[in-house]
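Working notes, beginning with the structure itself.
Labels below follow one simple rule: chain letters A, B, ... track the order of the sequence lines, proteins then strands, and each chain is numbered from 1. Quick note: numbers below take in every heavy atom, side chains included, and nothing from hydrogens, waters or symmetry partners.
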Number of protein chains: 2
Amino acid sequence: MNDHRPYARALDRLKGVGLRPTRQRLALARLLFDAGDRHVTAEQLHAEAVAADMRVSLATVYNTLHQFTAVGLLREVVVESGRAYFDTNTSDHHHFYHIDQGRLEDIHHSRINVAALPEPPAGTAVDRVDVIIRLKNGEI
Amino acid sequence: MNDHRPYARALDRLKGVGLRPTRQRLALARLLFDAGDRHVTAEQLHAEAVAADMRVSLATVYNTLHQFTAVGLLREVVVESGRAYFDTNTSDHHHFYHIDQGRLEDIHHSRINVAALPEPPAGTAVDRVDVIIRLKNGEI
DNA sequence: GTGATTGCAAATCTTTTGCACTAAA
DNA sequence: TTTAGTGCAAAAGATTTGCAATCAC
């Protein structure tokens, strides 16, 4: 078990999705998943890793984020052209986006009611529904 | 009036928002607004302009799209990191995004009912609510 | 004329890729 | 071993910027 130990948790998580647990992936998994729900960019995560004395290249951070996304450990959220955010919360939910801070905040799906979704056009199926509430500073 | 003539319409539109009606802005305005609701990228619009023998540089297309957005003639829609779409429909509405085709399609706001929007966090105000329904090909 | 606008090319920013090196199984 | 994974530096793609030339008023 050892589910309470960060290293073991990261190891189990990687094994669970069939990704070889390399030093870099374990390090990034710990940064990503040991601190609750997070929304990070590749640059941010790389900076954190460097600050924590983990030697990982930016290219590997990009690769890892995409691999984690492909196996369902992460979800990519698009709110700004030219920058990709990765969300450790992969359950059904939506987002506040703080424009001035470039920061995302989860909205539990029970707090939004998207009723009466239109039918997808013929020949297509819904892949995902994203609701993004963009926020600016100051009350109105 | 002359509202039925493309040139006059484009001219009036630019005057209406206080942008100097240069040859390039008039040309782009006609491409954008004379064909109903459109969703274009800068590259696409530039290609169209070149195909129509309008001499406009890509840099000017980018500038113009942003100026038009700033004055409310266009709306920027973000669905893919790394590519910005501009929408000629500036009224309250949402989008289907055809993943495989990289194409946006409007959803009239009356066809979606986003009820029970959560309160914006203290100190912030809602700037805009975007609903994006991502579609893949094939029924389920 | 005079200040706004344009075009070009260079710069910037994020992300991807090729390939020799390293590490996990 | 053998194959997957990593790092680096270079490439790619989208967008922006600096500045001299050009245009609208």
Side-chain angles (χ1 to χ4, degrees), chain A residues 7-8 10-31 39-50 53-71 73-74 76-86 102 104, chain B residues 7-8 10-31 39-50 53-71 73-74 76-86 102 104:
Chain A
Y7 177 83
L11 189 62
D12 289 348
R13 201 174 315 245
L14 292 179
K15 282 185 177 167
V17 295
L19 282 177
R20 187 182 284 192
T22 64
R23 177 173 60 75
Q24 290 84 343
R25 285 183 184 152
L26 286 166
L28 295 176
R30 293 173 61 173
L31 287 179
H39 304 90
V40 298
T41 65
E43 285 285 359
Q44 281 167 13
L45 186 60
H46 181 246
E48 274 182 44
V50 167
D53 270 317
M54 299 164 168
R55 264 160 301 98
V56 194
S57 73
L58 182 57
T60 295
V61 172
Y62 273 104
N63 287 338
T64 302
L65 288 172
H66 285 133
Q67 289 154 354
F68 283 10
T69 301
V71 298
L73 249 31
L74 293 176
E76 191 175 345
V77 184
V78 181
V79 280
E80 248 181 55
S81 65
R83 173 161 309 164
Y85 287 83
F86 294 86
L104 281 165
Chain B
Y7 177 82
L11 189 62
D12 288 348
R13 204 177 310 250
L14 292 180
K15 283 185 177 169
V17 296
L19 282 177
R20 186 181 285 193
T22 65
R23 179 173 58 74
Q24 290 85 342
R25 296 212 272 233
L26 285 165
L28 295 176
R30 293 174 61 171
L31 288 179
H39 304 90
V40 300
T41 65
E43 286 283 358
Q44 281 167 13
L45 186 62
H46 181 246
E48 272 182 46
V50 168
D53 270 319
M54 299 164 167
R55 265 160 302 98
V56 194
S57 73
L58 182 55
T60 295
V61 172
Y62 273 105
N63 287 338
T64 302
L65 287 172
H66 285 133
Q67 289 156 353
F68 283 10
T69 301
V71 298
L73 250 30
L74 292 175
E76 190 175 347
V77 184
V78 181
V79 279
E80 250 181 53
S81 65
R83 174 161 308 166
Y85 288 83
F86 293 85
L104 280 165

What is the bend of the helix from C:dG1-D:dC25 to C:dA25-D:dT1 when you compare the axis at one end with the axis at the other, using five pairs each and rounding to 10°?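 End-to-end axis angle: 30°.
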Set of residues satisfying side chain to side chain contact (heavy atoms under 4.5 Å, CB included) with respect to B:A10, sequence neighbours excluded: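 Checked B:A10 against side chain to side chain contact (heavy atoms under 4.5 Å, CB included); matches are B:L26, B:A29, B:R30.
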Taking side chain to side chain contact (heavy atoms under 4.5 Å, CB included) as the test, write out the residues that go with B:R23, two or more places apart.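 Only B:R55 meet the side chain to side chain contact (heavy atoms under 4.5 Å, CB included) criterion with B:R23.
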Return the CG to CG distance between B:L73 and B:L28, rounded to the nearest 0.5 Å.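 B:L73 CG to B:L28 CG: 11.5 Å, rounded to 0.5 Å.
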Got a list of protein N/O to nucleotides 3-5 of chain D N/O distances below 3.5 Å?
from	atom 1	to	atom 2	distance (Å)
D:dA4	O4'	A:R20	NH2	3.1
D:dG5	OP1	A:R25	NH1	2.9
D:dG5	OP1	A:R25	NH2	3.2

With a 4.5 Å heavy-atom cut-off, do A:Y62 and A:L45 have their side chains touching?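 In short, these two side chains do not touch, never coming nearer than 4.5 Å.
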Can you find a heavy atom in the side chain of B:L65 that is under 4.5 Å from one in the side chain of B:Y85?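 Answer no - side chains too far apart.
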In chain order, what residues pass the ring pair (Phe, Tyr, Trp, His ring centres under 6.0 Å) check against A:F86, with sequence neighbours excluded?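 Counting only residues at least two positions away or on another chain, A:F86 forms a ring pair (Phe, Tyr, Trp, His ring centres under 6.0 Å) with A:H66.
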Ring pair (Phe, Tyr, Trp, His ring centres under 6.0 Å) with A:H46: which residues, sequence neighbours excluded?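 None.
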At a heavy-atom distance below 4.0 Å, which nucleotide of DNA chain C is the first touched by chain B, and which is the last?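 First and last nucleotides in contact are C:dG3 to C:dC8.
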If I compare all heavy atoms of A:Q44 with all of A:V40, which pair ends up nearest, and what's the gap?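 Closest approach of A:Q44 to A:V40, heavy atoms only: OE1-CA, 3.4 Å.
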side-chain hydrogen bond (donor to acceptor under 3.5 Å, both in side chains) involving [X] - partner list, sequence neighbours excluded:
{"X": "B:Q24", "answer": "none"}
{"X": "B:E80", "answer": "B:Y97"}
{"X": "A:T69", "answer": "none"}
{"X": "A:E43", "answer": "none"}

Could you encode protein contacts along nucleotides 10-16 of chain D as a string, one character per nucleotide from 5' to 3', using B for base contact, S for sugar-phosphate-only contact and - for no contact, with a heavy-atom cut-off of under 4.0 Å? ----SBB
Value in whole Å for how far the P atom of D:dC23 lies from CG of B:L26: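 Answer to the nearest Å: 15 Å.
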What is the distance from CG of A:N63 to C1' of D:dG7, rounded to the nearest Å? 10 Å
Main-chain N/O of B:T64 paired to B:R25 side chain as donor or acceptor, under 3.5 Å: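 Pair absent, no side-chain N/O of B:R25 close to backbone of B:T64.
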